[in-house]
Amino acid sequence: MANNEELFKKIISHAKEYGYIFPSSEIYDGLSAVYDYGQYGVELKNNIKNYWWKSMVQMNENIVGIDTAIFMHPTIWKASGHVDAFNDPLIDNKDSKKRYRADVLIEDHIAKIEDKILKEIRKASERFGKDFDEEKFRATHPRVLENTEKIASIQKRFNEALNQNDLGEVKKLIEDLGIVCPVSGTKNWTDVRQFNLMFSTQMGSVSEDSGTLFLRPETAQGIFVNFLNVQKTGRMKIPFGIAQIGKAFRNEIVARQFIFRMREFEQMEMQFFVPPGEELTWFEYWKEQRMKWHLSLGISASKYRWHPHEKLAHYANAAVDIEFEFPFGFKELEGIHSRTDFDLSSHEKFSGKKLRYFDAESNESYVPYVVETSIGVDRTFLAVFSNAYTEEILADGSERTVLRLPAVLAPIKVAVLPLVKKDGMPEKARLIIDELKNDFLCQYDEKDAIGRRYRRQDAIGTPYCVTIDNETLENDTVTLRERDSMLQTRVSIENLRKEISEGLRPLRF
Ligand code: ATP
């Protein structure tokens, strides 16, 4: 654990040192859980968004994208349930004065028990080698069984308490489990209270109550309220989807873990409208599609796992998370939810407008059901970035830090480097950049020895370096160096664009 914490700190400082992520308002000592993206960060972020957008809107005939406003009519948040139910249970420690999410304290406690189980499994697997049968071990080992039962009973008690909105019972559970404040080490807790996560602001004159607006806590509602506009103007036939990327705001109680949990963040959401009764089939379909998308980035499958929801949100009849193994453990990266007809029906009720689909074949009109895929841009950024960060000892004993970013997402695709700053090499390098810059984001660098320049590009994750040397001037060939393997090949300038394009092509989603 200590090692992972160490690694996470290194990742955060690497992100800052190399222009990926800065704390917001840093010269004023920062603003909690708000971050700015730097010159490379914005490129990586845009590439993630484009990669998602392409997979949804370009690759699917029946999905279109929109971009709706952050400010929306306040009744929308009544209809969506956010005014009444978008709460987190919070609890304070009276000694440290620190505030926690009660559910997170309980989840962390469960994670510790899970760690114990995993330790037993690891030990046994080392002892038995290839004969080890994990399933059997889990089903028979007394300590593992005892801990598995412990987890199940905590989860059951917690879910029941939340379902009945029994906050006294949540507090009692925290006390019964002997959970202490990580800062003060005491069990001196306040009562558990519900806290609404929406930010509010004023529109127009401040005195009128009706001027209070919320900053949207999710982008999905902008899609629901435009369902008819898009369906009619796009002549969309069910099943069809509407995708959107945009900012969302949540007044998170415990905002830590860098860009994992922010108060201002971005979501990429797609709402897929289907006939009632077909939603669970489509739910399975989108589960599979979304996992394929993640794996198309070339990140190891072992970094992802499914987490079915124990407690379904008020609008869902099925829900699952895709969790990623961040440096601080497996946590939610994306949610796939079968939202039933909750949202459209509720907007019908609150707006008084019909939000139906007329099926010309069956001559029927109905409120469609919805399957949603919802993923955070910033969490995807953190997943990709933390997975890419690698410290290596090379064959000659030297060290290098390299960001093994999926090439398709890397900010700078090609660095063009004259070996020396004379003999016409810089001019040749500029000509090559002119050739390539229409297709790839290029960077020119002539400062320092070539080895140091390679290291700089490795640290920002540039997949290709093109080096101009004496031979280039003689026969129009350059050295093409690949970031991960560090292999160098001689390529003619004529073929450069093709070679690089091939290396940048993603796997198919
Ligand atoms: P969590 O349980 O971690 O708070 P959630 O279940 O509330 O997340 P959703 O409402 O399903 O999250 O939001 C969809 C996606 O939006 C999440 O999977 C995550 O990637 C992203 N997301 C949600 N809250 C935040 C946040 N505060 N900062 C960054 N990304 C977020």
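Counting from 1, the numbers follow the sequence of the chain as shown. Just so you know, ligand 1 is whichever comes first in the structure, and atom 1 is the first atom listed for that ligand.
Within ligand 1, the atoms closer than 4.0 Å to a non-hydrogen atom of Ser374 are 13 (O), 14 (C), 15 (C), 18 (O), numbered from 1 in the order shown. For ligand 1, the atoms lying closer than 4.0 Å to a non-hydrogen atom of Gly376 are 15 (C), 16 (O), 19 (C), 20 (O), 21 (C). Each of the following atoms of ligand 1 lies closer than 4.0 Å to a heavy atom of His337: 11 (O). Per-residue contacts place Glu334 under 4.0 angstrom from the following atoms of ligand 1 (heavy atoms of the residue considered): 18 (O). Annotation for ligand 1: atoms under 4.0 Å from non-hydrogen atoms of Glu252 are 24 (N), 26 (C), 27 (N). Atom numbering of ligand 1 starts at 1 in the shown order; those under 4.0 Å from a heavy atom of Arg261 are 1 (P), 3 (O), 4 (O), 26 (C), 27 (N), 28 (N).
Any N or O atom pair closer than 3.5 Å counts here, and Ile259 shares no such pair with ligand 1. Note: an N/O pair closer than 3.5 Å links Gln267 and ligand 1 by distance alone. Taking distance alone, with nitrogen or oxygen atoms compared against 3.5 Å, Glu269 stays at or beyond that limit from ligand 1. At least one N or O atom of Leu333, backbone or side chain, sits closer than 3.5 Å to an N or O atom of ligand 1.
Note that Lys331 lies outside the cation-pi zone of Phe326, set by a 6.0 Å cut-off to the ring centre and a 45° limit from the axis. Arg379 forms a cation-pi arrangement with Phe260, by the criterion of a distance under 6.0 Å to the ring centre and an angle within 45° of the ring axis.
Looking at Asp84 and Lys78, a side-chain N of the basic residue comes within less than 4.0 Å of a carboxylate O on the acidic one, giving a salt bridge. A salt bridge links Glu284 to Lys287: one of the charged nitrogens lies within less than 4.0 Å of a carboxylate oxygen. With respect to Lys247 and Glu264, a salt bridge is recorded, a charged nitrogen being found less than 4.0 Å from a carboxylate O.
Comparing heavy-atom distances from atom 5 (P) of ligand 1 across Glu264, Arg250, Glu107 singles out Arg250 as nearest. In this comparison of Phe249, Phe86, Phe265, Phe324, the heavy atom closest to atom 31 (C) of ligand 1 sits on Phe265.
Atom CZ in Phe249 sits 9.0 Å away from atom CZ in Phe265 (nearest 0.5 Å). The distance from atom CD1 of Ile154 to atom CD1 of Ile174, rounded to the nearest 0.5 Å, is 11.5 Å.
Checking each of Phe385, Phe330, Tyr304 against Phe324 for a ring-ring contact (aromatic ring centres under 6.0 Å, His included) leaves exactly one that passes, namely Tyr304. When each of Tyr357, Tyr369, Phe227 is checked for a ring-ring contact (aromatic ring centres under 6.0 Å, His included) with Phe273, only Phe227 meets the rule.
Of all protein heavy atoms, the one lying nearest to atom 19 (C) of ligand 1 is Arg379 NH1, 3.5 Å. The protein non-hydrogen atom at the shortest distance from atom 28 (N) of ligand 1 is Met262 N, 2.9 Å. Nearest to atom 29 (C) of ligand 1 among the protein's heavy atoms is Phe260 O, 3.2 Å. Summary of contacts: the protein heavy atom closest to atom 8 (O) of ligand 1 is Glu332 OE1, 3.6 Å.
Inspection of the Asp341 and Tyr366 side chains reveals no N or O donor paired with an N or O acceptor under 3.5 Å.
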